[in-house]
Enquirer: 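Take a look at the following structure, please.
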There are 2 protein chains.
Amino acid sequence: METAEATAAERPGLRERKKQRTHDALLRAALELFTTQGYEATTVDEIAEAVDVSQRTFFRYFAGKEEAALAIIDLTHEHFVAALRARPAHEAPLEALRNAVLEGWDAMGEAVAQIVPVDLYLRSYGMIESTPALLAAHLRRADEVAREIEAIVAEREGLDVRADPRPRVAVAVFAGVMRVTERLWAMGGDLSMEAMRELTAAHLDALRPSLAEKWRSG
Amino acid sequence: METAEATAAERPGLRERKKQRTHDALLRAALELFTTQGYEATTVDEIAEAVDVSQRTFFRYFAGKEEAALAIIDLTHEHFVAALRARPAHEAPLEALRNAVLEGWDAMGEAVAQIVPVDLYLRSYGMIESTPALLAAHLRRADEVAREIEAIVAEREGLDVRADPRPRVAVAVFAGVMRVTERLWAMGGDLSMEAMRELTAAHLDALRPSLAEKWRSG
DNA sequence: GAGGCTAATGTCAGCCACTGACAGTTGACA
DNA sequence: TGTCAACTGTCAGTGGCTGACATTAGCCTC
């Protein structure tokens, strides 16, 4: 056991490498099929067959179709959380959140590219947005991430989440804006990282004006 | 056709009344079973059997288990949209949203009570929050409602949603805060309308302080 | 480098959500 | 009362997903 893990840290054994390969192959095959013929129209058997494994094996790697479809996005979520943790302590909450997103994207892109082609990753957002079951699962995961972020923000400010509503509200506001951005980006024409960054910045800039009493003068 | 609908407006025929009864019975039975033995643990056959109809009939009334579980909540969403539309034009966007929620609740409660017992409705929120598949579906529906609200807010202010980001951002912020409130309320101990109203007001009041640069002085 | 251990995989049987097709039943309306 | 249309039940089938069991294939030791 210990030997196996120690070895894995340097160079994973054949077994581990094989597992990784199967996992990534299933992931790529799934996304490829989903984005081309549609999520609902793709059966698990098809995915398994494309990788030449049994259906049962697919379910040993992924809890279900949904998880396969959203796995890479989970990856980016993890990267965002890490990026937020790395923000300097002097930044205000919303400032830290904003910087974590805008500056963390390139690293995300690189991490993604090591598993699936970037354009496949980008196209998957369109698929998610236009597939009700998938969008639902995605929103739930985003909600979970929000809870994680609440804790981080609270810790940054030395607050108790259960006593002070501000960490939760701040994260909810941020998550809301990010959701709008995501939706517009995924449904819009330009599925590029630059477009996403610009849209994000624009919507975050619109935050305070949106809360103003009088919109006419703004 | 036309005659049937005209009659239905005054006093629905036997056929219509029967349909309504079956629908409500299925809804109540579903919620009762869901909240007592759990959503996943309840099969559609059980629900159908409880109302003494075939499984096929259940699916003619509801697109699936999810829809049965979330039907009453959809009702409250509709009421909220109506309440927002009824707000005076001079109110600022966030002011109108806030008032629509806080003042619309009683009417919602009454509307709900005509179909299912109120405590069953309240308990269903706890069930949703603790059932991943259901929470996912719920969040997606809330997201759809948000889009509807965006349009209303934009219209109130005479803006084009596609040209000005403020309506979307304002609604996203509001929806985010409502989501936090809902989660805390559903997972907390006090499942009453009063508790919900207080929590909502408290979190909406925390909005501006949460966006402040310095939290320590606040 | 042969054999035992264990993780990974395949096969099979089965549950449940959901759907289309067809037939039987029952309000509605002339 | 008889015809039409809507509502319902039955049946068969698909697809997602799971548990159980047998088989294969890395891994590790002697």
Side-chain angles (χ1 to χ4, degrees), chain A residues 1-26 29-30 33-34 37-70 131-134 136-137, chain B residues 1-26 29-30 33-34 37-70 131-134 136-137:
Chain A
M1 281 286 185
E2 299 131 23
T3 317
E5 282 186 22
T7 316
E10 306 165 359
R11 169 185 289 201
L14 173 58
R15 187 177 263 167
E16 291 300 317
R17 272 180 288 146
K18 234 176 163 178
K19 232 173 34 165
Q20 188 67 41
R21 247 190 299 144
T22 306
H23 177 272
D24 293 356
L26 281 171
L33 289 168
F34 290 161
Q37 38 180 261
Y39 176 76
E40 317 270 13
T42 304
T43 67
V44 173
D45 291 280
E46 273 181 289
I47 303 168
E49 197 176 358
V51 184
D52 204 60
V53 297
S54 70
Q55 188 213 51
R56 197 67 182 82
T57 294
F58 172 89
F59 284 111
R60 288 204 176 92
Y61 282 95
F62 301 96
K65 267 173 79 174
E66 280 176 12
E67 207 187 281
L70 303 175
T131 308
L134 228 42
Chain B
M1 279 286 186
E2 299 131 23
T3 318
E5 284 185 20
T7 316
E10 305 167 358
R11 169 185 289 202
L14 173 56
R15 185 174 265 168
E16 290 300 317
R17 273 180 287 147
K18 234 177 163 177
K19 233 173 32 165
Q20 187 68 40
R21 248 190 297 142
T22 306
H23 178 273
D24 293 357
L26 281 171
L33 288 168
F34 290 162
Q37 36 180 263
Y39 176 76
E40 317 269 13
T42 304
T43 67
V44 173
D45 291 281
E46 274 182 289
I47 303 168
E49 197 177 355
V51 184
D52 205 60
V53 296
S54 71
Q55 189 213 50
R56 197 67 182 85
T57 294
F58 173 89
F59 284 112
R60 288 205 175 92
Y61 281 95
F62 301 96
K65 269 174 79 175
E66 280 177 11
E67 205 186 283
L70 302 176
T131 308
L134 228 41

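Just so you know, these numbers come straight off a predicted model, no measurement behind them. For the numbers below, each heavy atom of this structure counts, side chains included, while hydrogens, waters and symmetry mates do not.
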Enquirer: What integer distance in Å separates B/E46:CD from C/dC15:P?
Expert: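 Rounded to the whole Å, the gap is 15 Å.
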Enquirer: Tell me the bend of the helix from C/dG1-D/dC30 to C/dA30-D/dT1 as the angle between end helix axes, each from five pairs, rounded to the nearest 10 degrees.
Expert: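 The angle, to the nearest 10 degrees, is 10°.
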Enquirer: To the nearest Å, give me how far apart CZ (A/R60) and P (D/dG16) are.
Expert: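 These atoms are roughly 17 Å apart.
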Enquirer: For the pair made of CZ in A/F58 and C1' in C/dG10, what is the distance, rounded to whole Å?
Expert: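 So the two atoms are 16 Å apart, to the nearest Å.
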Enquirer: Within the structure provided, determine whether A/F34 and A/I47 are in side-chain contact (heavy-atom separation under 4.5 Å).
Expert: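 The answer is yes, as the side chains (C-beta and beyond) meet within the 4.5 Å cut-off.
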Enquirer: Rounded to whole angstrom units, what separation is found between the CG atom of A/D45 and the C1' atom of D/dG16?
Expert: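 A/D45 atom CG is separated from D/dG16 atom C1' by 9 Å.
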Enquirer: Among residues at least two apart in sequence or on other chains, which ones pass side-chain contact (heavy atoms from CB on, under 4.5 Å) with B/A133?
Expert: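 B/E40.
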Enquirer: Report the residue (A/A63 or B/R15) whose heavy-atom-nearest nucleotide on DNA chain D is the more 5′ of the two.
Expert: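 The 5'-side residue here is B/R15.
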Enquirer: Distance check, rounded to the nearest 0.5 Å: A/R60 atom CZ versus A/Q55 atom CD?
Expert: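 Those atoms lie 11.0 Å apart.
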Enquirer: Can you measure B/Q20 atom CD to D/dT8 atom C1' for me and round it to whole angstrom units?
Expert: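 Between C1' of D/dT8 and CD of B/Q20: 18 Å.
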Enquirer: Please name the pair of heavy atoms, one in A/A68 and one in A/A30, separated by the smallest distance, quoted to 0.1 Å.
Expert: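 So the two residues come closest at CB-CB, 4.2 Å.
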Enquirer: If you measure from CD on B/E66 to CG on B/L70, what distance do you get to the nearest 0.5 Å?
Expert: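 CG of B/L70 is found 6.5 Å from CD of B/E66.
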Enquirer: In whole angstrom, what separates A/H23's NE2 from C/dT9's C1'?
Expert: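 In whole Å, C/dT9 C1' lies 16 Å from A/H23 NE2.
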Enquirer: From D/dT8, D/dG26, D/dC7, pick the nucleotide closest to the side chain of B/E16?
Expert: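 Closest nucleotide among those given: D/dC7.
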Enquirer: For B/E49, does the CD atom sit with more than 12 other heavy atoms under 6.0 Å from it, leaving out its own atoms?
Expert: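 Counting other residues, nucleotides and ligands, CD of B/E49 stays at 12 neighbours or fewer.
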Enquirer: OP1, OP2 of C/dG27 versus side-chain N and O of B/K18: anything below 4.0 Å?
Expert: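 B/K18 to C/dG27 OP1/OP2: side-chain N or O found under 4.0 Å.
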Enquirer: Using a 4.0 Å cut-off on heavy atoms, which residues in residues 50-57 of chain A reach DNA chain D? List them by number, or say none.
Expert: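 Close to the strand are A/Q55, A/R56.
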Enquirer: Could you state the interatomic distance from CG (A/L134) to OH (A/Y39), rounded to the nearest 0.5 Å?
Expert: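 Nearest 0.5 Å value for the CG-OH distance: 5.0 Å.
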Enquirer: Report the distance from atom CD of B/E49 to atom P of C/dA17, rounded to the nearest whole Å.
Expert: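 The answer, rounded to whole Å, is 13 Å.
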Enquirer: For a 4.5 angstrom cut-off between non-hydrogen side-chain atoms, does B/K19 reach B/Y61?
Expert: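 Side-chain contact under 4.5 Å: yes.
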Enquirer: Can you find a side chain N or O atom of A/K19 that sits less than 4.0 Å from OP1 or OP2 on C/dA8?
Expert: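 Yes, within the criterion.
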Enquirer: Would you kindly give the CZ-to-P distance between A/F62 and D/dT18, to the nearest whole Å?
Expert: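 So the two atoms are 14 Å apart, to the nearest Å.
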Enquirer: Hey, does B/Y61 reach any base, or is it just sugar-phosphate, or nothing, if we go heavy atoms under 4.0 Å?
Expert: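 Here B/Y61 touches the backbone only, sparing every base.
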Enquirer: Where do A/R17 and A/P12 come nearest, in terms of heavy atoms and distance?
Expert: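 Closest approach of A/R17 to A/P12: NE-O, 3.3 Å.
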